[in-house]
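Below is one structure; the comments refer to it alone.
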Amino acid sequence: MIYIGLTGWGDHDSLYPPGLAAKDKLPEYAAHFPTVEVDSYFYAIQPRANVEKWIRETPPSFQFIVKAYQGMTGHERGPIPYANKEEMFAAFLESIAPFQEAGKLAMVLFQFPPWFDCRREHVAYLRWVKARMGEVPAALEFRHQSWFSPRFYDKTLRFMEEEGWIHAICDEPQTGEGSVPTVLHPTDREKTLIRLHGRNVHGWNRATAGENWRAVRYLYRYNERELREWARHIETLKQKTKQIYVLFNNNSGGDAADNAKQLIDLLGIEYTGLAPRQLGLF
């Protein structure tokens, strides 16, 4: 099964009727795609009431990929409202429990920052994190090139396989140490995650400070040649892993939804069990 979707459901204007309220967007999103990344968790661990609402608003087969809270991956800037890591992880696991109970949790995504390089203490932290997550499926995305340097390439992949991490394969600008190459190697036979960030080298290199950095970093539209290349990659990966989740994150210019639909067409996928779409006037 190939699940194709987007990172978040709030910013994709091409999907929604004019004037649709933010609170009503998820049911309409679920009429187009079978999966989504819940990126709001990165900024705050969500109340169970939110999770239960999202579960009610989506079809039975819909799958959520929950992005780990920033304090769990070392992104935090400023105070964190938890006494320690143990309390933080316990709150997170309690929050996502309804997803699990409903059979709608595809995985939790741990995206580590560009300064999280391949060193002994970081490997130890990854082991600690995986132990805390228990049986919850967890995907691992690196942003520092050292993990896939010639010295550590094989060791990194073997480590992920042995520890039970799902590989989050990335397509992103190649800008030196602060980016990783596309490594088409699943580390889990059940699930693989692909995240397509675009290839805006200039935007990726811009400082990530300021309120408009995201509008620059993810400004990119994949062309048909690039999407066909990914369609071939996915067909190959299908031989090695049962479920592939593809998330488009190139939404600074509103391109993610269109690119996702193009890839669905290129792969000849016709999803069933989606939510009913709202009908316009004509």
Side-chain angles (χ1 to χ4, degrees), residues 3 5-12 22-27 29-30 33-58 62-114 116 125-126 128-143 165-168 170 191 193-197 208 211 213-214 217-218 245-251 256:
Y3 297 84
L6 312 174
T7 54
W9 58 83
D11 299 326
H12 313 289
K23 65 181 179 61
D24 298 323
K25 286 184 175 180
L26 179 56
Y29 173 97
F33 302 108
T35 190
V36 74
E37 178 184 304
V38 192
D39 52 3
S40 56
Y41 264 89
F42 179 79
Y43 303 100
I45 295 175
Q46 297 295 301
R48 284 178 68 106
N50 287 2
V51 177
E52 291 163 355
K53 175 178 182 289
W54 298 334
I55 290 169
R56 290 194 304 270
E57 291 178 341
T58 51
F62 193 86
Q63 294 292 294
F64 291 90
I65 296 168
V66 178
K67 192 171 186 180
Y69 175 58
Q70 58 181 311
M72 299 161 70
T73 53
H75 284 88
E76 67 271 16
R77 293 184 175 92
I80 292 292
Y82 301 98
N84 50 50
K85 292 281 188 183
E86 288 80 4
E87 181 182 302
M88 183 191 305
F89 272 76
F92 182 85
L93 289 168
E94 181 182 1
S95 172
I96 67 171
F99 286 129
Q100 295 175 273
E101 294 161 5
K104 291 189 173 186
L105 180 66
M107 66 192 75
V108 174
L109 166 65
F110 286 82
Q111 177 196 298
F112 284 89
F116 190 84
Y125 181 68
L126 291 176
W128 184 89
V129 167
K130 196 64 178 64
R132 292 294 300 172
M133 296 303 292
E135 297 302 313
V136 177
L140 181 54
E141 177 178 341
F142 294 116
R143 283 284 172 87
W165 285 102
I166 296 165
H167 186 191
C170 294
K191 297 179 179 181
L193 176 61
I194 297 169
R195 297 182 83 228
L196 302 169
H197 299 297
T208 57
E211 60 184 41
W213 68 268
R214 184 177 293 274
R217 170 166 278 199
Y218 301 109
Y245 294 80
V246 183
L247 296 172
F248 281 83
N249 192 35
N250 58 320
N251 198 49

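FYI, side chains are in, hydrogens and waters are out, and symmetry mates aren't considered; it's all heavy atoms of this structure. By convention here, the first residue in the shown sequence is residue 1. Owing to the predicted nature of the structure, the values given are computational and were not obtained by experimental measurement.
Taking every heavy atom of both residues into account, Y125 and K85 meet most closely at OH-NZ, 3.6 Å. Taking all atoms of both residues into account, the shortest heavy-atom contact from G71 to I80 is CA-CD1, 4.3 Å. A pairwise comparison of heavy atoms in A168 and L109 identifies CB-CD1, 4.1 Å as the closest pair. Minimum interatomic distance between T35 and Y29 (heavy atoms only, all atoms of both residues): O-OH, 2.6 Å. For P81 against E87, the heavy-atom pair with the smallest separation is O-OE2, 4.1 Å. The two residues D39 and K67 have their closest heavy-atom pair at CA-CB, 4.2 Å.
Side-chain contact between H12 and K25: absent, with no pair of heavy atoms (C-beta onward) separated by less than 4.5 Å. At least one side-chain heavy atom of Y82 sits under 4.5 Å from a side-chain heavy atom of I45. The shortest distance between side-chain heavy atoms of W165 and M107 does not fall below 4.5 Å. You'll find the side chain of L196 reaches within 4.5 Å of the side chain of V246, heavy atoms only. Side-chain contact check for L105 versus I96: some heavy-atom pair is nearer than 4.5 Å. You'll find the side chain of W54 reaches within 4.5 Å of the side chain of W9, heavy atoms only. The side-chain heavy atoms of E76 and Y69, taken from C-beta on, include no pair separated by under 4.5 Å. Side-chain contact between W128 and F89: present, with at least one pair of heavy atoms (C-beta onward) separated by less than 4.5 Å.
With values rounded to the nearest 0.5 angstrom, F62 atom CZ is found 11.0 Å from Y3 atom OH. To the nearest 0.5 Å, the span separating CD on Q63 from OG1 on T58 amounts to 9.5 Å. Rounded to the nearest 0.5 angstrom, I65 CD1 and Y245 OH are separated by 7.0 Å. Note: I194 CD1 to H167 NE2 = 10.0 Å, rounded to the nearest 0.5 Å. Atom CG of residue L193 and atom SG of residue C170 lie 8.0 Å apart, to the nearest 0.5 angstrom. Interatomic distance, CG of L26 versus CD1 of I55, reported as 10.5 Å (0.5 Å rounding).
The salt bridge (charged side-chain N to carboxylate O under 4.0 Å, His left out) pairs that include a residue from residues 89-104 number zero, where partners must be two or more places apart or lie in different chains.
A donor-acceptor contact shorter than 3.5 Å links the side chain of N251 to the backbone of D11.
Aromatic ring centroids of F99 and F64 lie under 6.0 Å apart.
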Does the side chain to side chain contact (heavy atoms under 4.5 Å, CB included) test come out yes or no for F92 and V108, once each step is laid out? CA-CA 10 Å; F92 182 85; V108 174; 3.7 Å; yes

Check against side chain to side chain contact (heavy atoms under 4.5 Å, CB included), T73 and F116: CA-CA 9 Å; T73 53; F116 190 84; over 6 Å; no

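Counted within 6.0 Å of CD on E135, heavy atoms from surrounding residues, nucleotides or ligands total 12 or fewer; the atom is thus considered open.
Side chain to side chain, S95 and Y41 meet the donor-acceptor criterion of an N or O pair below 3.5 Å.
Scored by the salt bridge (charged side-chain N to carboxylate O under 4.0 Å, His left out) test, K53 finds E57 as partners (sequence neighbours excluded).
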Donor-acceptor pairs under 3.5 Å, side chain of residues 136-143 to any protein atom, not counting sequence neighbours: which ones?
unit_1 : atom_1 : unit_2 : atom_2 : d
E141   : OE1    : R195   : NH1    : 2.5
E141   : OE2    : R143   : NE     : 3.4
E141   : OE2    : R143   : NH2    : 3.4
E141   : OE2    : R195   : NH1    : 3.3
E141   : OE2    : H197   : NE2    : 3.0
R143   : NH2    : H197   : NE2    : 3.4

